[in-house]
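Take a look at the structure set out below.
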Amino acid sequence: MKTLLKIVLTALAVIVLAKILPGVEVVNYTTAIIVAIVISLLNLFVRPLLVFFTLPATIVTLGLFLFVINAIIILLADKLVDGFEVPNFFMALIFSVLLSFFRTILFSLLKEKKEVNY
């Protein structure tokens with residue numbers, strides 16, 4: 001249930017970012033949900049491979065190359081999903097940073113408050 005809610009919140013963030021950022025387009029809400037699922041799957045399967053193969057570049061740049069990997073994930077989602085369009089690499093970079101920021105805020109609302117027993 002929590003995974004489904006995370007996908008819906010990610011789709012909401014994708015829609016908001018498509019409204020804010022120039023050139024980023026999402027055709028409808030169904031496309032936004034598909035984009036959220038595709039981004040989640042790419043982060044699950046492709047991102048670890050990219051991180052592994054670019055580890056030297058990530059170390060040399062002190063982790064900043066991970067932003068490039070995130071932008072590549074967004075561009076891959078653009079190619080895989082019809083109805084989702086990101087115009088260029090720079091916009092994908094901005095989109096990925098803002099998406100990560102929005103997801104952090106939205107997912108923090110899902111965390112359960114732990115009960116303290118004394």
Side-chain angles (χ1 to χ4, degrees):
M1 183 67 177
K2 196 176 248 189
T3 304
L4 183 64
L5 191 55
K6 285 184 177 184
I7 288 174
V8 170
L9 289 175
T10 302
L12 176 68
V14 167
I15 291 170
V16 169
L17 288 173
K19 300 285 184 193
I20 294 173
L21 296 175
V24 178
E25 295 181 18
V26 177
V27 174
N28 54 29
Y29 297 115
T30 306
T31 304
I33 291 174
I34 293 170
V35 167
I37 292 170
V38 168
I39 289 173
S40 297
L41 290 174
L42 288 172
N43 280 334
L44 184 64
F45 294 113
V46 177
R47 189 173 192 274
L49 291 173
L50 288 174
V51 169
F52 177 74
F53 288 124
T54 61
L55 193 59
T58 304
I59 292 171
V60 169
T61 61
L62 302 175
L64 292 177
F65 195 76
L66 292 174
F67 287 119
V68 173
I69 292 173
N70 288 340
I72 290 170
I73 295 293
I74 298 301
L75 290 174
L76 282 172
D78 173 25
K79 299 297 180 200
L80 293 172
V81 179
D82 291 332
F84 175 61
E85 187 174 326
V86 180
N88 54 33
F89 179 80
F90 181 69
M91 197 55 66
L93 185 66
I94 294 171
F95 184 89
S96 68
V97 169
L98 290 176
L99 182 64
S100 296
F101 178 71
F102 285 161
R103 286 177 62 170
T104 301
I105 291 172
L106 292 172
F107 292 174
S108 69
L109 300 174
L110 293 179
K111 290 190 177 180
E112 299 173 6
K113 295 182 180 179
K114 294 182 181 178
E115 188 175 312
V116 178
N117 294 325
Y118 293 103

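Values reported hereafter were calculated over all heavy atoms of this structure, with side chains retained and with hydrogens, waters and symmetry mates removed. We're numbering straight along the sequence, starting at 1.
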- prompt: Do Val51 and Phe65 belong together in a cluster built from hydrophobic side chains that touch within less than 4.5 Å?
  reply: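 Yes, Val51 and Phe65 fall within the same hydrophobic cluster.
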| said: Please say yes or no: joined through hydrophobic side-chain contacts below 4.5 Å, possibly via intermediate residues, are Leu99 and Ile7 part of one cluster? | reply: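 Unlinked, Leu99 and Ile7 end up in two clusters.
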- Task: Work out which heavy atom in Ala71 is nearest to a heavy atom in Ala92; give both atom names and the distance.
- Result: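 Ala71 and Ala92 have their closest heavy atoms at O-CB, 3.8 Å.
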Tabulate below the donor-acceptor pairs under 3.5 Å that side-chain atoms of residues 74-89 make, not counting sequence neighbours, or state none.
{"residue": "Asn88", "atom": "OD1", "partner": "Phe90", "partner atom": "N", "Å": "3.4"}
{"residue": "Asn88", "atom": "OD1", "partner": "Met91", "partner atom": "N", "Å": "2.8"}

Interatomic distance, [X] atom [atom1] to [Y] atom [atom2] [nearest 0.5 angstrom]:
X      : Y      : atom1 : atom2 : result
Leu4   : Leu9   : CG    : CG    : 9.5 Å
Leu49  : Thr54  : CG    : OG1   : 10.5 Å
Leu66  : Thr58  : CG    : OG1   : 5.0 Å
Thr10  : Ile39  : OG1   : CD1   : 7.5 Å
Phe101 : Leu106 : CZ    : CG    : 10.0 Å
Ile20  : Ile15  : CD1   : CD1   : 12.0 Å

Quick check: do [X] and [Y] have side-chain heavy atoms less than 4.5 Å from each other?
X     : Y      : answer
Leu21 : Leu98  : yes
Leu5  : Leu110 : yes
Val24 : Leu17  : no

* Let me know which of Leu12, Val16, Val97 forms a side chain to side chain contact (heavy atoms under 4.5 Å, CB included) with Phe102. =>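 So, applying the side chain to side chain contact (heavy atoms under 4.5 Å, CB included) to Phe102 and each of Leu12, Val16, Val97, only Val16 qualifies.
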Quick one: list whatever passes side-chain contact (heavy atoms from CB on, under 4.5 Å) with Leu41, sequence neighbours left out.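 Residues passing side-chain contact (heavy atoms from CB on, under 4.5 Å) with Leu41: Ile37, Phe45.
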key: side-chain contact (heavy atoms from CB on, under 4.5 Å) partners of Ile73, counting only residues at least two apart   =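 Leu42, Asn43, Val46, Arg47, Leu50.
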### Message
Just checking Tyr29: does its OH atom have more than 12 heavy atoms from other residues, nucleotides or ligands closer to it than 6.0 angstrom?
### Response
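Open: at most 12 neighbouring heavy atoms sit under 6.0 Å from OH of Tyr29.
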